Participant: 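If you scroll down you'll find the structure; I have some questions about it.
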2 protein chains.
Amino acid sequence: MGPRNLATKACLDADANVYAEACPSRAVLALVADKWTLLIMPALRQGPMRNSDLMRRIGGISQKMLTQTLRELERNGLVVRVDHNEVPPRVDYALTPLGRSLAEAIRKLDAWCEAHIDQVEMARQSFDTAIAQKV
Amino acid sequence: MGPRNLATKACLDADANVYAEACPSRAVLALVADKWTLLIMPALRQGPMRNSDLMRRIGGISQKMLTQTLRELERNGLVVRVDHNEVPPRVDYALTPLGRSLAEAIRKLDAWCEAHIDQVEMARQSFDTAIAQKV
DNA sequence: CAGGATCCAGTGGGATACTG
DNA sequence: CAGTATCCCACTGGATCCTG
């Protein structure tokens, strides 16, 4: 593949490339590059959850962001919303097969964060004190 | 592990939990939940790169965001900055061992995005047209 | 070449109040 | 319970200009 018109044709499905600005995969990347997506997706791995379940599970999320993020995930085929049409309302959110595969990849990232906090924090401290000394 | 004081002690290193708002791993998560981090980290897997290399490799990134993100990654021990003190300036950025392990996990996410654009786009189209019909 | 400094429009997301 | 609607400000990040 020559560098001929890499810039113009941006990226085809056959050679999808997130590094290319115009590649549609960037849209998916934007979806993933989101704090709440990174928490909601793996949270749903254990099975369907209700709105209130997720609110409890994910510390610090607001109702607005929960709904907004769920809608976006649903829109992109990663989550299904099941309204049981009951009173009081009962709505379940579950991963689609597509969503499940993404959730697994995301969970690994989350696990990495949990596993390496110590190293990251130590690095940050040493970096910050090094900067302080330079002044 | 009892649910006794899960809420109060938030999270210790022994049971780090990104779902807990106060858990320090959230800081690492915030680092990861970033569009440019998600592109810079895997880009560095092939070896050290210079500022201009990264600018070319990563479509759409601005000089400001590149420098800013690199600084943050360096601060957290994921990237090392090597200034060769030459004229004209020559500066290399490379992954640390810690950064490399994260970069691998991130690359898998990027690959997922590249591999599933089609499915995501189809889902989005069908979702959007379904919404339109309801009106 | 690498990147600091500024300006500033746009937006993300919390708080709050209301509804079926 | 599961949302919707609104207000509104802090911060994000692009554009532009400048420097060693």
Side-chain angles (χ1 to χ4, degrees), chain A residues 20-22 26-27 29-41 43-44 47-76 79-94 127 131 134-135, chain B residues 18-19 21-22 26-27 29-41 43-44 47-75 79-94 127 131 134-135:
Chain A
E21 187 176 9
R26 276 287 181 96
L29 189 73
L31 205 65
V32 171
D34 179 88
K35 177 184 177 181
W36 301 124
T37 296
L38 259 31
L39 290 171
I40 293 176
M41 290 296 289
L44 288 174
M49 295 186 81
R50 304 178 58 171
N51 185 309
S52 47
D53 293 333
L54 288 165
M55 285 288 287
R56 267 186 298 273
R57 185 71 204 279
I58 301 173
I61 196 169
S62 65
Q63 175 62 57
K64 174 184 174 179
M65 289 316 294
L66 178 56
T67 301
Q68 184 174 306
T69 308
L70 282 170
R71 283 284 178 283
E72 201 60 18
L73 294 174
E74 184 191 8
R75 188 166 103 94
N76 289 274
V79 160
V80 275
R81 178 179 183 276
V82 181
D83 189 338
H84 296 272
N85 290 313
E86 295 178 359
V87 180
R90 186 159 67 89
V91 177
D92 282 330
Y93 291 96
F127 184 87
I131 291 293
K134 290 204 172 181
V135 180
Chain B
V18 285
Y19 298 110
E21 187 176 9
R26 277 286 180 96
L29 189 74
L31 205 64
V32 172
D34 179 89
K35 177 183 177 181
W36 301 125
T37 296
L38 258 32
L39 290 172
I40 293 176
M41 290 296 290
L44 289 173
M49 295 187 82
R50 303 178 60 171
N51 185 309
S52 47
D53 293 334
L54 288 166
M55 285 287 286
R56 267 186 298 274
R57 184 72 204 279
I58 302 172
I61 196 169
S62 65
Q63 175 62 57
K64 176 184 174 180
M65 289 315 295
L66 178 56
T67 301
Q68 186 174 306
T69 309
L70 283 171
R71 283 283 178 285
E72 201 59 18
L73 294 174
E74 183 192 8
R75 189 167 103 94
V79 161
V80 277
R81 177 180 183 275
V82 180
D83 189 338
H84 295 273
N85 290 313
E86 295 177 0
V87 179
R90 185 159 69 89
V91 177
D92 281 331
Y93 291 97
F127 184 87
I131 291 293
K134 289 204 173 182
V135 179

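All chains are named by letter (A, B, ...) in the order of the sequence lines, taking the proteins before the strands, and each is independently numbered beginning at 1. This is a predicted model, so every value here is computed, not measured.
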Participant: In whole angstroms, how far is the C1' atom of D:dA2 from the CD atom of A:E74?
Facilitator: 14 Å
Participant: Quick one: B:L66 CG to D:dA15 C1', roughly how many Å, whole number?
Facilitator: 16 Å
Participant: Mind calculating the distance between CG (A:D92) and C1' (D:dA2) to the nearest angstrom?
Facilitator: 12 Å
Participant: Within the pair A:R81 and D:dG3, is there a side-chain N or O less than 4.0 Å away from OP1 or OP2?
Facilitator: yes
Participant: Within the pair A:S62 and C:dA15, is there a side-chain N or O less than 4.0 Å away from OP1 or OP2?
Facilitator: no
Participant: Can you check whether A:R90 has a side-chain N or O nearer than 4.0 Å to OP1 or OP2 of D:dA2?
Facilitator: no
Participant: Does a side-chain N or O of B:Y93 approach OP1 or OP2 of C:dC1 to a distance below 4.0 Å, or not?
Facilitator: no
Participant: Measure the distance from CG on B:N85 to P on C:dG3 and round it to the nearest whole Å.
Facilitator: 12 Å
Participant: Reading DNA chain C from 5' onward, which residue's closest nucleotide shows up sooner: A:P88 or A:Q68?
Facilitator: A:Q68
Participant: Taking the side chain as C-beta and beyond, is there a heavy-atom pair between A:M55 and A:L66 under 4.5 Å?
Facilitator: yes
Participant: Whether A:R75 engages the ring of B:F127 as a cation-pi pair (distance to the six-membered ring centre under 6.0 angstrom, angle to the ring normal within 45°) should be assessed.
Facilitator: no
Participant: Kindly compute the distance separating CD1 (A:I61) from CD1 (A:I40), expressed to the nearest 0.5 Å.
Facilitator: 4.0 Å
Participant: I want to confirm an ordering. Mapping A:K64 and A:R56 to their closest nucleotides on DNA chain D, which one lands closer to the 5' end?
Facilitator: A:R56
Participant: Under 4.0 Å from OP1 or OP2 of D:dG3: is there any side-chain N or O of A:N51 that close?
Facilitator: yes
Participant: Is any side-chain nitrogen or oxygen of A:R71 closer than 4.0 Å to OP1 or OP2 of D:dT4?
Facilitator: yes
Participant: Tell me: NZ of B:K35 to C1' of C:dG12, nearest whole Å?
Facilitator: 14 Å
Participant: Once you round it to whole Å, what is the distance between C1' of C:dG10 and CE of B:M65?
Facilitator: 15 Å
Participant: Taking for each residue the nucleotide of DNA chain C bearing the nearest heavy atom, is the 5' side occupied by A:D34 or by A:P89?
Facilitator: A:D34
Participant: Between B:T67 and C:dG4, does any side-chain N or O lie under 4.0 Å from OP1 or OP2?
Facilitator: no
Participant: Taking atom P of C:dC1 as reference, at what distance in whole Å does atom CE of B:M49 sit?
Facilitator: 14 Å
Participant: How many whole angstroms separate atom CD1 of A:I61 from atom C1' of D:dA2?
Facilitator: 14 Å
Participant: Please examine the side chains of A:L73 and A:R81, heavy atoms only from C-beta on, and report whether any two atoms are closer than 4.5 Å.
Facilitator: no
